[in-house]
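Written out below as structure tokens is the structure these notes cover.
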Amino acid sequence: GDITAALCTAWVLGMGWTYWWALLIPALTNIAWAFLTMTLVADPYDMGIITPEVKVRMAKFEAKKKEMAERGEDAGEDSGPAPISYVAAFQIPMVAQYAFAFGFF
């Protein structure tokens, strides 16, 4: 959105259009991008895509299921990978700097 806004502003003002086009075009681009990202799937297993990570997760779940069946408990369903915490996210290189620079605090 930031890149689109900067390029669009330069283009709109260079063409001599009114300033509100420089606001409207990036806003519509962000809305379209939001709809696109909402349609994406977080877990490849949901779409039948078996990656090495999915194979490892499935093997771990099968082992857990066997262990719980031996104890007479229900393992439930595979819920996929656990969500990442804020602390774990900030341990990823450059996440804290990006959040600080772009005001996500």
Side-chain angles (χ1 to χ4, degrees):
D2 296 333
I3 294 170
T4 304
L7 295 175
C8 182
T9 300
W11 179 65
V12 165
L13 295 177
M15 297 291 290
W17 295 356
T18 57
Y19 75 93
W20 57 267
W21 281 105
L23 301 172
L24 182 65
I25 295 171
L28 294 176
T29 304
N30 284 340
I31 291 169
W33 189 255
F35 282 113
L36 173 70
T37 56
M38 291 299 292
T39 62
L40 298 177
V41 178
D43 189 6
Y45 181 74
D46 293 340
M47 300 303 291
I49 301 170
I50 307 299
T51 63
E53 292 84 8
V54 170
K55 287 180 184 179
V56 169
R57 191 178 87 219
M58 288 171 56
K60 286 181 181 179
F61 180 67
E62 287 300 320
K64 179 182 175 185
K65 200 154 96 172
K66 279 184 185 179
E67 179 185 318
M68 293 187 81
E70 290 172 359
R71 290 188 281 173
E73 299 174 5
D74 183 30
E77 291 186 24
D78 182 19
S79 61
I84 189 170
S85 68
Y86 282 110
V87 173
F90 282 119
Q91 291 173 345
I92 299 171
M94 297 303 296
V95 169
Q97 292 90 331
Y98 185 87
F100 181 74
F102 291 101
F104 291 136
F105 287 118

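Note that the coordinates shown come from a computational prediction; the quantities given were computed from them, not determined experimentally. Note: hydrogens, waters and symmetry copies are ignored here, and every other heavy atom, side chains too, is used.
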Seminar exercise, completed: Residues Cys8 and Pro26: closest non-hydrogen pair is SG-CD, 3.8 Å

Exercise. Given the rule that I, L, V, M, F, W and Y join up when any side-chain heavy atoms are under 4.5 Å apart, are Leu7 and Leu13 in one cluster?
Worked result: no

Problem set entry | Ile25 reachable from Tyr19 in the ILVMFWY side-chain graph, under 4.5 Å edges | yes

Exercise. Measuring from Arg57:CZ to Thr51:OG1, what's the distance to the nearest 0.5 Å?
Worked result: 8.0 Å

Exercise. Among the clusters formed by ILVMFWY side chains lying less than 4.5 Å apart, do Val87 and Ile92 turn up in the same one?
Worked result: no

For this session: Carefully, step by step, assess Met58 and Lys55 under the rule side-chain contact (heavy atoms from CB on, under 4.5 Å).
Result: CA-CA 5 Å; Met58 288 171 56; Lys55 287 180 184 179; 5.7 Å; no

Exercise. How close do Ile49 and Val54 get, heavy atom to heavy atom, and via which atoms?
Worked result: O-CG2, 4.1 Å

For this session: Please answer: with hydrophobic residues joined when any side-chain heavy atoms are less than 4.5 Å apart, are Trp17 and Leu24 in the same cluster?
Result: yes

Problem set entry | Straight-line distance of Leu28 CG to Leu23 CG, nearest 0.5 Å | 11.0 Å

Exercise. Do Glu67 and Arg71 sit within salt-bridge range, that is, some charged N less than 4.0 Å from a carboxylate O?
Worked result: yes

Problem set entry | Closest heavy-atom pair and its distance - Trp20, Thr18 | NE1-OG1, 2.8 Å

Exercise. Are Ile84 and Phe90 joined in one hydrophobic group, where the rule is that I, L, V, M, F, W and Y side chains link up if heavy atoms are under 4.5 Å apart?
Worked result: yes

